[in-house]
Structures are given as C-alpha cells and as structure tokens.
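The structure appears below as structure tokens.
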Amino acid sequence: MKVGKLSKTDRAEKLHPSFKLLFDFVKRTDFDTLPFGKITVDGDNVYIMNLEIQGKDKSEQPLEIHREYIDVHILLKGKELIGWKPFDEITTFSQEYDKTADCALSEEASRFYVELHPGEFCIVYPEDAHSPAINDGPIRKLIGKVKIYQ
C-alpha cells in the first residue's frame with residue numbers, strides 16, 4: 001500500500017510503468033464533466049471508474065482482494081477511510097475469487113485504516129486486502145485500475 005498526494009506523484013509513478021500515464025490523465029481531466037462509470041485510458045491495461053457513492057460503515061464493507069489489477073483510489077470530494085490487512089493473513093472468504101470481476105471478498109476485520117482527503121491517493125496491490133469507501137456520507141472518487149502484467 002502506498003498513500004500520497006496527487007500533487008506529488010513522482011515517486012509513485014516509478015512503481016509501475018503505467019502509473020505515470022494514469023496520474024497524468026487524472027491531473028489533466030475534469031471528471032465533473034464526464035459521465036460516471038468506466039473511462040478507458042489504455043484499453044484493458046489502464047482504466048478509471050468515475051464514481052459518486054454513498055459511504056458505508058466499517059462493519060458493512062468487506063475486504064476486497066484483486067489479482068489482475070492494482071487499485072489506485074483517488075479522492076475528489078468528501079473523506080474516505082480505507083481499511084487494510086495483508087492478503088496472506090486472510091483465512092476466510094465470503095466470496096471466492098471471481099476472475100471476471102477480479103475480486104474476492106472477506107468479512108474479516110481490517111488491521112488498520114488510512115484516511116483520504118481530496119487530492120490524495122492510495123495504491124493497493126494484490127497483497128493488500130482493502131476495504132474502501134468507508135464514510136457516513138457521500139464520496140466522490142476515482143478508482144484507477146492498472147493491469148499488473150501488460
């Protein structure tokens with residue numbers, strides 16, 4: 001897991017060949033003028049989910065695990081907690097891995113939480129089980145999806 005400010009992505013961009021493409025696209029795009037949903041940046045290699053969602057309570061938000069894509073959560077408005085627990089400590093799954101959705105779920109508790117504010121991002125890798133969108137109100141965010149192997 002890597003957390004940082006959108007205004008300072010230089011080091012994060014070196015962590016994956018497509019991170020610079022993603023961050024440059026995010027920095028130059030006004031997402032309020034685009035429809036919600038999937039926005040393609042580089043085919044299936046890099047895309048963005050443009051979202052406005054209602055936050056959930058910690059007890060309602062399961063841990064997610066992905067294998068094919070790295071998630072880059074970017075907060076635009078509101079406040080968001082993202083829970084974290086190492087994947088290798090997960091012992092039970094409420095939903096086994098679904099390759100089509102690139103997701104497995106676990107109801108186990110997060111070990112800790114990070115708090116995002118507008119203009120901040122959180123990168124989560126397959127080894128990072130995470131529970132996003134925790135808040136008691138609306139959240140306006142992007143989820144960048146970056147394919148691990150291209």
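As the structure is a computational prediction, the values presented were derived from the model and not from experiment.
In terms of the side chain to side chain donor-acceptor pair (under 3.5 Å) criterion, Asn135 has no residue partners (sequence neighbours excluded). With sequence neighbours left out, the side chain to side chain donor-acceptor pair (under 3.5 Å) criterion links Thr29 to no other residue. Applying the side-chain contact (heavy atoms from CB on, under 4.5 Å) rule to Asp30 yields the partners Asp32, Thr33; only residues at least two apart in sequence or on another chain are considered. Listed by chain and residue number, nothing satisfies the side chain to side chain donor-acceptor pair (under 3.5 Å) test with Gln61 (two or more places apart in sequence, or in another chain). Applying the salt bridge (charged side-chain N to carboxylate O under 4.0 Å, His left out) test to Arg111 and every residue at least two apart in sequence or in another chain returns Glu89. Shown here are the salt bridge (charged side-chain N to carboxylate O under 4.0 Å, His left out) partners of Lys58, two or more places apart in sequence or in another chain: there are none. The salt bridge (charged side-chain N to carboxylate O under 4.0 Å, His left out) check on Lys56 picks up nothing, with sequence neighbours excluded. For Asp128, there are no salt bridge (charged side-chain N to carboxylate O under 4.0 Å, His left out) partners at least two apart in sequence or on another chain.
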Review item, side-chain donor-acceptor pairs of residues 7-15, under 3.5 Å, at least two apart:
{"residue": "Thr9", "atom": "OG1", "partner": "Glu13", "partner atom": "OE2", "Å": "2.6"}
{"residue": "Thr9", "atom": "OG1", "partner": "Lys27", "partner atom": "NZ", "Å": "2.7"}

Counting only pairs under 3.5 Å, give me each side-chain donor-acceptor contact of residues 113-125, with atom names and distances, residues two or more places apart or in other chains.
{"residue": "Glu115", "atom": "OE2", "partner": "His117", "partner atom": "NE2", "Å": "2.7"}
{"residue": "Glu120", "atom": "OE1", "partner": "His117", "partner atom": "N", "Å": "2.8"}

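The ring pair (Phe, Tyr, Trp, His ring centres under 6.0 Å) analysis of residues 31-57, with sequence neighbours excluded, yields the pairs Tyr47-Tyr69.
In the hydrophobic clustering, Phe87 connects to Leu63, Ile65, Ile90, Phe93, either directly or through intervening members, whenever side-chain heavy atoms lie under 4.5 Å apart.
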